[in-house]
2 protein chains.
Amino acid sequence: MTDPRDALFKSLSDPTRRALFEQLCRGGEQTVGELTAHAKVSQPAVSKHLGVLKQAGLVRDRREGRETHYRPQPDALSPLLDWTSEMAAFWERRFDDLEDLLKRMDQ
Amino acid sequence: MTDPRDALFKSLSDPTRRALFEQLCRGGEQTVGELTAHAKVSQPAVSKHLGVLKQAGLVRDRREGRETHYRPQPDALSPLLDWTSEMAAFWERRFDDLEDLLKRMDQ
DNA sequence: CTGATCCATAACCCAATGGTTATGCTTTGT
DNA sequence: ACAAAGCATAACCATTGGGTTATGGATCAG
């Protein structure tokens with residue numbers, strides 16, 4: 001029932017969280033400590049954000065001793081790409097609709 | 001200073017708002033009344049959402065007498081596409097990094 | 001002119017969210 | 001065995017955010 005896009009958009013709507021995901025995409029797998037070092041918030045905040053990203057399927061974690069390694073899962077972005085192109089497709093269709101085109105032309 | 005992606009992601013993170021934008025992409029230009037008819041919230045709520053979408057550049061409005069017509073502006077989605085492919089690009093690069101690939105292979 | 005329609009804004013409420021500090025559980029190192 | 005490190009969770013707080021009803025300003029119809 002819950003649209004997977006919801007989780008995706010919501011996860012990425014927060015700048016801090018998006019920065020974390022970017023950091024992971026740029027640098028690949030990293031521990032919470034490394035991520036916290038680059039972030040501008042506390043370690044618990046980072047952990048919470050990573051939890052949200054994980055639940056959205058954007059990251060995966062791997063425990064190794066006392067440290068947890070997170071890595072990006074960019075495949076999870078595909079629903080977002082799909083939705084965007086879907087919207088673009090509707091947009092294209094409107095150019096084929098002469099009636100609508102004329103309506104738009106007179107401002 | 002404020003990343004334009006912020007406004008985009010935040011605007012689209014709300015299901016009601018995304019539904020409004022989809023409705024506009026599917027049906028083209030529509031009045032607030034028409035949009036409210038399809039929405040599951042009150043007219044003021046629709047107006048507020050349209051305001052947010054407008055400020056994010058996702059829609060444009062056109063007043064005609066006492067009614068306001070809104071139309072989608074899908075071009076505004078391109079920063080989103082750009083960001084997504086940028087992240088995907090980082091992801092691709094990691095496959096070229098043999099060291100990282102090996103590290104990932106042993107789980 | 002008057003009443004109705006269309007929409008935006010105001011004022012308010014409650015839930016969700018992002019941040020913090022405090023704490024506790026493993027794991028590591030000595 | 002013990003202290004420290006790494007991380008997650010708990011508890012709490014302030015702000016944001018999305019919803020509502022109420023209202024007001026244009027515009028149209030009669």
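The basis for the numbers below is simple: all heavy atoms, side chains too, and nothing from hydrogens, waters or symmetry mates. Each chain gets a letter, A, B and so on, in the order its sequence line appears, and its residues count up from 1.
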Compare all side-chain heavy atoms of Leu53(A) with those of Arg17(A) and state whether any distance is below 4.5 angstrom.
yes
Which nucleotide wins on minimum distance to the side chain of Pro44(B), given the candidates dG18(C), dT20(C), dT21(D)?
dT21(D)
For Arg17(B), report the nucleic acid contact type (base, sugar-phosphate, nothing); a contact means any heavy atom under 4.0 Å.
sugar-phosphate
So does His49(A) get a side-chain nitrogen or oxygen closer than 4.0 Å to the phosphate oxygens (OP1/OP2) of dG19(C)?
yes
Between atom NZ in Lys40(A) and atom C1' in dG18(C), what is the gap in whole Å?
16 Å
Arg62(B) CZ to dA8(C) C1', straight-line distance once rounded to whole Å:
18 Å
Kindly work out whether a path of hydrophobic side-chain contacts (I/L/V/M/F/W/Y, heavy atoms less than 4.5 Å apart) joins Leu8(A) to Phe90(B).
yes
Want to settle it: does Val52(A) or Gln43(A) sit nearer the 5' end of DNA chain C, counting the closest nucleotide to each?
Val52(A)
Spacing of Glu64(B) atom CD relative to dC7(C) atom P, expressed in whole Å:
11 Å
Could you tell me if the side chain of Asp61(A) sits less than 4.5 Å from the side chain of Val32(A), heavy atoms only?
no
According to a strict under-4.0 Å criterion, is Tyr70(B) in side-chain N/O contact with OP1 or OP2 of dA8(C)?
yes
Counting just side-chain N and O atoms, does Ser47(B) come under 4.0 Å of either OP1 or OP2 of dC7(C)?
no
At under 4.0 Å, does any side-chain N or O of Thr16(B) touch on OP1 or OP2 of dG18(D)?
no
pair Leu58(A)-Gln73(A): side-chain heavy atoms closer than 4.5 Å
no
Listed pairs, N/O of protein and of nucleotides 3-6 of chain C, under 3.5 Å:
from   : atom 1 : to       : atom 2 : distance (Å)
dT5(C) : O4'    : Arg66(B) : NH1    : 3.3
dT5(C) : O2     : Arg66(B) : NH1    : 2.9

